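Everything below concerns the one structure shown next.
Keep in mind it's a predicted model, so treat the numbers as computed, not measured. Convention: sequence-line order gives letters A, B, ...; per-chain numbering from 1.
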2 protein chains.
Amino acid sequence: MSSELTEPGTGPTGAAPTLSEVAKRAGVSSITVSRVVRMPDLVAPETRARVEQAMRDLGYIPNLVAGALASARTNSVGVLVPTIANSIFADTVQGLSDKLEPLGFSVILAQSRYDAAREDRMLAALLSRRPEAIIMVGSPATEDGSRLLRNARIPIVETWDLPANPIDAVAGFDNYKAGVAVAKHLVAQGRKQLAFIGGDDPRGTRRWFGFRDEALARGLAEPRRLILDRKDSGSVAAHARLPGVDAVFAANDAHAIGFMSGLRKAGVLRDGPASAQPVAVIGLGDLEMGQLISPTLSTISVHGDAIGRTAATLTLERGGERRIDLGFELVLRDSG
Amino acid sequence: MSSELTEPGTGPTGAAPTLSEVAKRAGVSSITVSRVVRMPDLVAPETRARVEQAMRDLGYIPNLVAGALASARTNSVGVLVPTIANSIFADTVQGLSDKLEPLGFSVILAQSRYDAAREDRMLAALLSRRPEAIIMVGSPATEDGSRLLRNARIPIVETWDLPANPIDAVAGFDNYKAGVAVAKHLVAQGRKQLAFIGGDDPRGTRRWFGFRDEALARGLAEPRRLILDRKDSGSVAAHARLPGVDAVFAANDAHAIGFMSGLRKAGVLRDGPASAQPVAVIGLGDLEMGQLISPTLSTISVHGDAIGRTAATLTLERGGERRIDLGFELVLRDSG
DNA sequence: TTCTTTCATGTTAGCGCTAACATGCAGCGA
DNA sequence: TCGCTGCATGTTAGCGCTAACATGAAAGAA
């Protein structure tokens with residue numbers, strides 16, 4: 001209340017200092033303070049020094065909420081992922097924020113938890129903060145969500161897939177082809193009874209279709225498909241539930257490693273190379289962990305952080321190619 | 001430009017519709033629209049229906065930036081983590097946003113990358129968005145960062161540790177005691193030559209001190225400490241670099257699993273129980289992966305998501321206990 | 001009937017900042 | 001001397017919304 005609390009070094013008063021308080025203390029108008037913060041080159045050195053001193057004295061922190069309203073630029077990007085825990089999407093978030101944070105953009109993070117209704121709510125919540133772009137994993141699950149984004153008039157980047165009709169920009173890879181590549185490899189290895197384990201989210205399902213189609217095209221029986229609950233480790237897909245199967249494609253490395261641990265318990269895991277494995281296992285994601293276990297995990301390697309960085313780039317430049325296929329790589333190790 | 005574009009169903013005009021445009025269309029004042037959005041009970045049903053129709057027609061999305069400025073409430077929380085990729089902190093972010101998102105709070109995420117200068121910049125960047133609370137992993141690395149937070153006059157939650165002089169609230173566990181517990185267990189198991197591998201961040205260092213102090217107190221030689229670079233997998237800490245060592249505490253499970261893979265290559269890993277292991281290995285974090293490898297990983301289990309949820313709770317209620325010790329648990333499996 | 005309360009809605013001012021447009025002054029060539 | 005230019009700074013208005021305080025009508029109380 002009393003003005004003694006306002007003295008430098010005494011700590012903050014109740015309310016945060018504003019531009020015009022700084023201006024008053026420095027003996028300039030508020031626009032000059034604003035310039036010192038945003039375009040210091042336009043301000044004479046002595047004036048600038050006085051203003052900077054005043055900012056330090058008061059512990060001034062610009063209010064970007066007010067700035068955003070006045071300038072219609074929030075310097076923020078909305079990011080929507082299904083989940084961030086235990087997931088390769090964390091790499092993507094890392095990649096994009098590494099690119100955006102130095103440019104002064106903040107990341108507003110939301111999780112859909114693979115729930116379409118929650119996704120729509122989160123999209124609306126993100127948009128109401130007026131981000132300058134939205135980056136999401138996959139594509140909106142509902143028509144409502146899609147409309148929301150189309151009407152938003154900001155760059156939208158869909159990632160981790162290559163949708164046929166993207167809203168705007170895309171940074172991902174072809175999940176169908178990844179499934180094809182795995183099936184092709186397993187067939188070439190002489191495997192006969194294929195199976196797929198994983199979730200039934202859109203991208204996992206696309207992998208499954210590629211995998212199945214290729215197996216059928218190569219004259220194999222239709223592969224088994226075991227849909228795992230999101231919280232299951234892959235080990236619940238015990239070998240017992242896949243009798244006769246000699247090759248498994250897991251929709252992600254975590255499931256693959258879990259499944260291998262099931263195989264190990266069942267004694268159907270060798271320490272030798274892929275050719276020695278009674279059951280081949282291929283994952284997707286290329287977790288570091290896959291190289292540390294034994295046998296080492298063969299996998300489809302996808303660069304989650306590159307997807308994030310590319311998505312960030314796509315939000316910044318409106319022109320140029322808007323559909324970036326970052327590809328994938330079949331990394332063969334000892335498991336299959 | 002022309003008004004035909006404004007017709008319902010035709011898609012958005014250049015600019016997003018505002019409250020007062022909705023109000024005009026519904027034939028009410030803007031405050032009534034505002035009430036329909038925020039306190040619908042205060043509006044008569046017929047009026048409300050008319051306003052809701054107008055909002056739908058125009059595709060109105062409230063502008064929370066303006067709302068935040070007017071009401072001095074941003075409904076956002078700043079979250080600062082060292083890193084989100086490949087890290088247990090993702091669990092914490094998941095936990096806290098699961099708690100906060102349903103309440104209408106957005107999460108503004110920033111990463112310090114274990115860099116003190118970047119941490120300070122990120123703290124300032126977060127504060128300039130006027131979040132209603134800040135949740136961070138650990139404590140500010142610098143005095144500047146600390147002052148920034150103390151002056152911010154919002155709830156601050158430090159997590160993953162129990163600092164002696166917290167800024168405000170705390171949700172974590174005692175890293176020193178975790179180190180003690182591991183050393184105690186290894187000594188009881190008859191191990192003689194201990195070693196510690198991990199980073200030299202504040203929390204890892206605290207674990208090391210507890211570990212070392214307890215080893216010394218039990219009459220053992222001072223344990224070896226191998227400081228790993230953040231991007232190293234634990235496997236670089238090959239057994240070759242730790243001659244004579246018969247027990248290792250890794251500051252996190254990823255390092256532990258990496259180290260075990262090194263041991264496996266060196267042939268010093270048994271499939272039997274802990275007592276059969278020439279070198280005991282204990283991790284920290286309790287990654288699911290630890291139960292899937294062989295031998296299964298003994299570890300200090302910490303509930304990253306519970307830390308996040310607790311931190312969220314602490315931001316919401318200003319009264320009550322501000323220092324929550326969520327503890328840890330030594331989970332003994334086959335590795336040590 | 002008249003006063004009071006309750007409910008539904010409106011009016012006014014302002015949150016803290018920035019865009020856009022002044023203003024004023026020094027330096028300079030003609 | 002007079003513009004003219006470029007630089008440093010200021011003035012004004014308003015971003016889209018909400019808090020706080022009216023207002024007016026209907027419903028009950030006395």
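Residue order along DNA chain C, read from the 5' end via each residue's closest nucleotide, puts Ser30(B) first among Asn63(A) and Ser30(B). DNA chain C is contacted by both Val28(B) and Ser71(A); Val28(B) maps to the nucleotide lying nearer its 5′ end (nearest heavy atom per residue).
Among the heavy atoms of the strands, none lies under 4.0 Å from Val65(B). Note on Ala44(A): only backbone sugar-phosphate atoms sit closer than 4.0 angstrom, heavy atoms only; bases stay farther off.
Following rounding to the nearest Å, Arg35(A) (CZ) and dT9(D) (C1') show an atom-to-atom distance of 6 Å. At whole-Å resolution of the value, CG in Asn75(A) and C1' in dT18(C) are 13 Å apart. Atom-to-atom, CD1 of Ile31(A) to P of dG24(C) comes out at 18 Å; the value is rounded to the nearest Å. At whole-Å resolution of the value, CG in Leu64(B) and P in dC15(D) are 18 Å apart. Protein atom CZ of Arg48(B) is 14 Å distant from nucleotide atom C1' of dT9(C), rounded to whole Å. One can place CE of Met39(B) at 10 Å from P of dA20(D), the figure rounded to the nearest angstrom. Spacing between atom NZ of Lys24(B) and atom C1' of dT9(C) amounts to 19 Å, rounded to whole angstrom units. Taking atom CD of Glu21(B) as the reference point, atom C1' of dG16(D) lies 11 Å away to the nearest angstrom.
Side-chain atoms of Arg50(B) and Gln53(B) include no donor-acceptor pair closer than 3.5 Å. A donor and an acceptor atom, one from each side chain of Glu132(A) and Thr315(A), are nowhere located under 3.5 Å apart.
In this structure, Glu119(A) does not pair ionically with Arg113(A), as no charged nitrogen and carboxylate oxygen lie closer than 4.0 Å.
Interface remark: the Arg130(A) side chain does not form any donor-acceptor pair with the dG16(D) base, using a distance-only criterion of under 3.5 Å.
When each of Arg150(B), Arg318(B), Arg322(B) is tested with Asp168(B) by the rule side-chain hydrogen bond (donor to acceptor under 3.5 Å, both in side chains), just one qualifies, namely Arg322(B).
Contact annotation: Thr47(B) does not reach the phosphate of dA8(C) (side-chain N/O to OP1 or OP2, under 4.0 Å). Distances shown here put a side-chain N or O of Arg38(B) below 4.0 Å from the OP1 or OP2 atom of dA19(D). The side chain of Ser34(B) places no N or O atom within less than 4.0 Å of a non-bridging phosphate oxygen (OP1 or OP2) of dC17(D). Residue Ser29(A) has no polar side-chain atom (N or O) positioned under 4.0 Å from OP1 or OP2 of dT11(D). Proximity of Tyr60(B) to the phosphate of dC17(D): a side-chain N or O atom is located under 4.0 Å from OP1 or OP2.
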Quiz item: Passes salt bridge (Lys or Arg N to Asp or Glu O under 4.0 Å), Arg309(A) versus Asp98(A)? Steps please.
Solution: CA-CA 8 Å; Arg309(A) 286 197 308 276; Asp98(A) 279 351; over 6 Å; no
